[in-house]
Amino acid sequence: MNKIPTRIGCMALLVLLFKLSFGQNIYTVNTKQVKANVPSTLWGLFFEDINRAADGGVYAEMVENRSFDFPKPMTDWTTWPKPNLRDGIFMVINQSSVNIANPKYMSVNLQAKDTVGLMNSGFDEGMAFKKIPYNLTLRYRQVVPGVHVRVFLFNSNNRVIGHSAMTLENAMDWHNQEISITPTDTAKTGKLLVILEGAGKLDVDRISLFPSDTWKGRPGGLRVDLVQKLADLHPGFLRFPGGCIVEGNQIVHRYQWKHTIGPLEDREMVQSIWADDVAERQTPDYMESFGLGFYEYFQLCEDIGAGPLPIINVGMSCQFDAAEVVPVNELEPYITDALDLVEFANGDVNTYWGKKRAELGHPAPFNMKLLGVGNENWGPQYAEHLKLFTDRIKAKYPEVKLVNATGYSRNIPVFNYMDSVLRARKADIIDEHFYDTPKWFMDNSNRYDSYDRSGPKIFVGEYAAQSDRIGSMKNKNNLLTALSEACFMTGIERNADVVSMASYAPLFAHVTGWQWTPNLIWFDNTSSYNTPNYYVQQLFSVNKGTKVVPLLASGKAVCGQDSCWASAVIDQGTHELVIKLVNMSQKPKAKSIKLTDASAAGIATITTLANSDTGIANSISQPDQIKPETMTLNEKGKAIYFIAKPYSLNVIRVKLTQ
Ligand code: AHR
């Protein structure tokens, strides 16, 4: 965030005028009257492989369909130099009867002087290259030695910008071999060509290409710029893997965590529910490779300091799609998967799944405290399944808090039914989802004021204001939506004794490969940008504080009076009062915060996300159209004065003397 020195002059004059004229704009804060502890989990993240978030996104693999296992095995591949090579040179072998996880491979049969190739142009617009090393991994076996391999990288004009040769080892069984190639130039929409020549027979199971600058330099890892954006949000938790992909459009496509760990060739690919779920944005080649699987997920949580919150399938497919339900007497493998996941995350290295985790490189437990049972599930079938899961999980792991679903929306019969069932059962945490208009978010900032303080905790598991309408492809991540979410978030913060977690959804979207909008972070193959909604999340998260204290206007919480929304916390670590104030009007608002039991020490800042045009948004070409700016304030004593710009979120941090 930019730090701008105080502009004495205009601003000071405005403040002076205000000091002479304020009256109705006084808020009082009692810093000693603690309403709630701010849970460390309050502001977190929802990750789902939608919009190319994982494959083609944060998972840095550049080759699409790297193992020829897509339903159409030549998807994203072309043979070189011509499409119609004579029969037998390239053959896709399907051995699904003996290897379900990794059924297909490419058999290459060359006679003397054959020079052929396999070309891949990556995800969406093509492969983006920087002038850094790239690691190509070939998984192959020599059937009849004699095939030689060369690798070429092309830029958008089909000019070679990098090449290398691989001397194959004498491996008669499946073997991974790597070479490094450093392009001499950059490319935005490049491609990869693997040339095969000579005489012999080679089976190729996987051709993979990763940049060397992955997050923490991990081979086969994650895109550094995108993970950094997550880390910069300082999330309290990371929900994973969704979202609807937990359920799948049919039960066979559900997310199965055990299929996502260990060697890549053991990770059975599934067609994403997002391949064809959105009529306007069909993405038939959307497969889940699970290269970002459950081990990588737990590792990511640890890296960015977020508590893990996995969501498991409850024996039901997506209720918007086929709505398949597994019979109750066949649920055992599903319940076992849930129990085993806890053991994989937390178990001692002497347990079966704890040992697996250790073998993957992490003997220490991942310290998972939360588990979601079902995504957007609802109805009596869900209630019945959930009971069976809950009883078994609680019996073995009473310390793990369970998150339970209430369907896809609030205050409708679906929601009300689940809410009453879950409250009667004294559920740990209830997950509520809100995709609605900016007005709804503004009008409902007081939603949790009346919730039962001794009932289940609330997880606002998915929410996002829609600038057009729910499900519209025209929704934009503009300032209006972001500020309306901020209004709602002041209500969450004020009610942090009831709401223990909240996450915006969805998290990521590729600018050409998306199926759903709005989203928190947009990216292409080279860069990414923060939306105003991202900045709102960040401003709340990095200014989360430790104790909620009352901020009142005429004795009432500030939820819309004078077009303002506000909340306050104390940060005990820094001994600061932290105020969030949203001004949803086109006029500046002069405000005074009266401290009833403390004094400002004269060191304060105001960080503002503001613009008079509420339609303003960022983009790949203009990533910084709107971003927060920080100014210092010199307020001292029993009152703090500031001016909230038109259409703004303001975070005011005030050092206290006592
Ligand atoms: O966030 C996008 C989708 O919205 C999620 O997958 C689902 O849980 C909800 O319906």
Side-chain angles (χ1 to χ4, degrees), residues 44-55 57-58 230 237-250 253-255 270-281 283 286 288 292 297 309-314 316-323 372-379 382 403-412 414-415 418 429-437 440-441 459-473 475-477 481 485 501-510 513-522 531 533-534 537:
L45 300 176
F46 161 97
F47 184 99
E48 176 172 21
D49 190 3
I50 177 175
N51 304 314
R52 298 285 192 200
D55 288 302
V58 73
L230 303 187
F237 65 89
L238 178 57
R239 170 180 169 155
F240 181 91
C244 292
I245 74 165
V246 170
E247 300 145 287
N249 54 5
Q250 12 173 343
H253 286 169
R254 73 190 181 281
Y255 197 100
V270 163
Q271 188 181 35
S272 168
I273 189 171
W274 298 108
D276 57 6
D277 219 54
V278 179
E280 299 95 323
R281 303 280 307 178
T283 319
Y286 203 160
E288 295 168 53
L292 166 49
Y297 157 61
L309 168 50
I311 310 289
I312 45 143
N313 185 289
V314 71
M316 299 171 81
S317 74
C318 177
Q319 290 174 254
F320 292 111
D321 280 285
V373 186
N375 173 47
E376 273 185 349
N377 295 111
W378 67 82
Y382 173 54
V403 174
N404 298 170
T406 51
Y408 53 91
S409 195
R410 38 75 209 174
N411 300 354
I412 55 172
V414 162
F415 172 89
M418 276 322 299
I429 304 169
I430 297 181
D431 183 6
E432 301 187 350
H433 293 183
F434 309 110
Y435 296 101
D436 221 309
T437 59
W440 185 88
F441 281 94
F459 171 31
V460 186
E462 298 182 28
Y463 66 101
Q466 317 282 298
S467 68
D468 186 33
R469 61 178 167 75
I470 298 141
S472 164
M473 300 294 109
N475 287 324
K476 298 276 178 252
N477 283 100
T481 59
E485 288 151 11
M501 301 186 290
S503 46
Y504 183 99
L507 182 59
F508 280 125
H510 190 287
W514 60 274
Q515 296 79 41
W516 176 291
T517 183
N519 304 286
L520 203 63
I521 300 165
W522 290 81
T531 58
N533 315 72
Y534 175 98
Q537 292 293 321

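Both ligands and their constituent atoms are indexed starting at 1 by order of listing. Remember, predicted model here, so these are calculated numbers, not experimental data. Side-chain atoms are counted along with the backbone in the values below, which use heavy atoms only and exclude waters and symmetry mates.
- For Trp274, the closest heavy-atom approach to ligand 1 falls below 4.0 Å.
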Note to self: Thr283 vs Arg52, test: side-chain contact (heavy atoms from CB on, under 4.5 Å). Steps then yes/no.
What the structure shows: CA-CA 10 Å; Thr283 319; Arg52 298 285 192 200; 3.7 Å; yes
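- Interface of Glu376 with ligand 1, defined as ligand atoms under 4.0 Å from a residue heavy atom, comprises 7 (C), 8 (O), 9 (C), 10 (O).
- Between Glu247 and Met316, the closest side-chain pair of non-hydrogen atoms is not below 4.5 Å.
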Next item on the list: Might you work through the ring pair (Phe, Tyr, Trp, His ring centres under 6.0 Å) test for Tyr408 and Phe320, ending with a clear yes or no?
Entry: CA-CA 10 Å; Tyr408 53 91; Phe320 292 111; 5.0 Å; yes
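- Taking any N or O of Ala505, backbone or side chain, none lies under 3.5 Å from an N or O belonging to ligand 1.
- Closest to atom 7 (C) of ligand 1 by heavy atom, among Gln319, His433, Glu247, Glu462, is Glu462.
- With hydrogens left out, the protein atom closest to atom 6 (O) of ligand 1 is Glu48 OE1, 2.5 Å, a heavy atom.
- Set against the non-hydrogen atoms of Gly243, the atoms of ligand 1 under 4.0 Å away are 5 (C), 6 (O), 8 (O).
- The closest protein non-hydrogen atom to atom 1 (O) of ligand 1 is Tyr435 OH, 2.8 Å.
- Residue-level proximity to ligand 1 for Asn375 is carried by the side chain, the only part with a heavy atom below 4.0 angstrom.
- Checked by atom type and distance alone, the side chain of Thr481 never pairs as donor or acceptor with a backbone atom of Ser467 at under 3.5 Å.
- Of all the heavy atoms in Tyr435 and Ala505, the pair that sits closest is OH-CB, 3.3 Å.
- Residue contacts with ligand 1: Trp516 is included, with a non-hydrogen atom under 4.0 Å away.
- Tested against Trp522, the residues Thr531, Asn477, Asn51 include a single side chain to side chain donor-acceptor pair (under 3.5 Å) partner, Asn477.
- Below 4.0 Å from some heavy atom of Pro506 lie the following atoms of ligand 1, by number and element: 1 (O), 2 (C).
- Using a 4.0 Å cutoff on heavy atoms, Gly242 does not count as a contact of ligand 1.
- Classified by interplanar angle (parallel below 30°, tilted 30° to 60°, perpendicular above 60°), the ring pair Trp274/Trp516 is perpendicular.
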Note to self: I'd like to know whether Asn377 forms a side chain to side chain donor-acceptor pair (under 3.5 Å) with Gln319, so could you lay out the CA-CA distance, the side-chain angles of the two residues, the decisive distance to 0.1 Å, and finally the verdict.
What the structure shows: CA-CA 7 Å; Asn377 295 111; Gln319 290 174 254; 3.0 Å; yes
